[in-house]
**Student:** 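Quick one: the structure is below, and I'll ask about it shortly.
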Amino acid sequence: MRPSRGLVAVVDDDQSVRESLPDLLRVFGFDAQAFSSAAEFLQSPWLGKTDCLVLDVAMPGMSGPELQDELDRRGQGIPIVFITAHKDEDERLPLIRRGAIDCLYKPFSDTALKAALDRVFG
């Protein structure tokens, strides 16, 4: 078994994403944890151990960009790869300008996700 490349947390209200994406992340060599909401992630013991977030933009309660704001407020600059079902450049570009590594449109390819993670982990 090879050593982990780091911990990637998936925060998405879509159960199918939470079930499938951690498996793919493990194939890429990462440890992975999944959360159904921003609040669940913020209250978890994994917050301080997370090296990268794969974060849905639109979720009930706190949205992905609102979670990014909260992490910035707390001084916890975790690299973020946003994922979204809304193919809207007017939504995507501000996320990139605010420091997101990428914003991938669902459904995204394994290759696109791996490329984004490679930018985080080098």
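Just so you know, residue 1 is the first one in the sequence shown, and it goes up from there.
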**Student:** For Phe82, what residues pass the ring-ring contact (aromatic ring centres under 6.0 Å, His included) criterion, not counting sequence neighbours?
**Tutor:**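 Partners of Phe82 by the ring-ring contact (aromatic ring centres under 6.0 Å, His included) criterion come out as none, since no residue qualifies.
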**Student:** State, with a plain yes or no, whether a side-chain heavy atom of Ser44 is found less than 4.5 Å away from one of Gln33.
**Tutor:**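 With C-beta onward as the side chain, the pair stays apart.
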**Student:** Do Leu42 and Met62 have side-chain heavy atoms sitting under 4.5 Å apart?
**Tutor:**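 Answer yes - side chains close enough.
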**Student:** Minimum heavy-atom separation for Ala38 to Val11, with atom names?
**Tutor:**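 Between these two residues, the closest heavy atoms are N-CG1, 3.8 Å.
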**Student:** Would a distance-only check, ignoring hydrogens and angles, find a side-chain to backbone donor-acceptor pair under 3.5 Å from Arg18 to Asp12?
**Tutor:**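 A pair under 3.5 Å: yes.
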**Student:** Which atom names give the shortest non-hydrogen contact between Asp13 and Met59, and what distance separates them?
**Tutor:**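 That closest heavy-atom pairing would be OD1-CG, 3.5 Å.
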**Student:** How long is the span from the CZ atom in Arg26 to the CG atom in Leu21, to the nearest 0.5 Å?
**Tutor:**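 If we round to the nearest 0.5 Å, Arg26:CZ and Leu21:CG are 10.0 Å apart.
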**Student:** Measuring only between side-chain heavy atoms, which start at C-beta, is Leu71 closer than 4.5 Å to Leu47?
**Tutor:**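 The answer is yes; the side chains approach within 4.5 Å.
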**Student:** Within this structure, what is the OG-CG distance for the pair Ser109 and Leu104, rounded to the nearest 0.5 Å?
**Tutor:**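 So the OG of Ser109 and the CG of Leu104 are separated by 8.0 Å.
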**Student:** Does any pair with a residue in residues 84-122 pass ring-ring contact (aromatic ring centres under 6.0 Å, His included), and if so which ones, sequence neighbours excluded?
**Tutor:**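 Sorted pair list: Phe30-Phe121.
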**Student:** Report yes if some heavy atom in the side chain of Val8 is under 4.5 Å from a heavy atom in the side chain of Val120; otherwise report no.
**Tutor:**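 In short, these two side chains do not touch, never coming nearer than 4.5 Å.
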**Student:** If you compare all heavy atoms of Leu117 against all heavy atoms of Leu25, which two are closest, and at what distance to 0.1 Å?
**Tutor:**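 The answer is CD1-CD2, 3.4 Å.
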**Student:** If you measure from CG on Leu113 to CG on Asp102, what distance do you get to the nearest 0.5 Å?
**Tutor:**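 Going from the CG atom of Leu113 to the CG atom of Asp102 covers 9.5 Å.
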**Student:** Would the distance check show the side chain of Arg92 and the main-chain N or O of Lys87 forming a donor-acceptor pair, the cut-off being under 3.5 Å?
**Tutor:**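 Side chain of Arg92 to backbone of Lys87, a donor-acceptor pair under 3.5 Å: no, none is there.
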**Student:** Measuring from atom CG of Leu67 to atom CD of Gln76, what distance do you get when rounded to the nearest 0.5 angstrom?
**Tutor:**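 It is 10.0 Å, given to the nearest 0.5 Å.
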**Student:** Say you draw a straight line from CD1 of Ile80 to CG of Asp72; how long is it, rounded to the nearest 0.5 Å?
**Tutor:**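 Answer rounded to 0.5 Å: 7.0 Å.
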**Student:** At what distance, to the nearest 0.5 angstrom, does CG of Leu7 lie from CD1 of Ile78?
**Tutor:**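 Going from CG on Leu7 over to CD1 on Ile78, the span is 9.0 Å.
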**Student:** Minimum heavy-atom separation for Val57 and Cys103, please, with both atom names.
**Tutor:**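 Where Val57 meets Cys103 most closely, the heavy atoms are CG2-SG, 4.5 Å.
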**Student:** Any idea which heavy atoms bring Thr50 and Cys52 closest together, and the distance?
**Tutor:**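 Here Thr50 and Cys52 meet closest at CG2-O, 3.1 Å.
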**Student:** Tell me the closest heavy-atom pair linking Thr84 and Glu91, and the distance in Å.
**Tutor:**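 Looking at all heavy atoms of both residues, the closest pair is OG1-OE1, 3.3 Å.
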**Student:** Quick one: does Asp118's side chain get under 4.5 Å of Arg5's, heavy atoms only?
**Tutor:**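 Result yes, sub-4.5 Å side-chain heavy-atom pair found.
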**Student:** Could you check if a side-chain atom of Leu55 sits within less than 4.5 angstrom of a side-chain atom of Phe41, using non-hydrogen atoms only?
**Tutor:**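 No, every pair of side-chain atoms sits at 4.5 Å or beyond.
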**Student:** Surrounding CD of Gln15 (heavy atoms of other residues, nucleotides or ligands, distance under 6.0 Å), is the total greater than 12?
**Tutor:**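 No, the 6.0 Å shell around CD holds no more than 12 heavy atoms from other groups.
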**Student:** Please report the C-alpha distance between Asp56 and Lys106 in whole Å, then the side-chain angles of each, then the deciding distance to 0.1 Å, and finally whether the salt bridge (charged side-chain N to carboxylate O under 4.0 Å, His left out) criterion is met.
**Tutor:** CA-CA 10 Å; Asp56 191 15; Lys106 296 177 186 177; 3.5 Å; yes
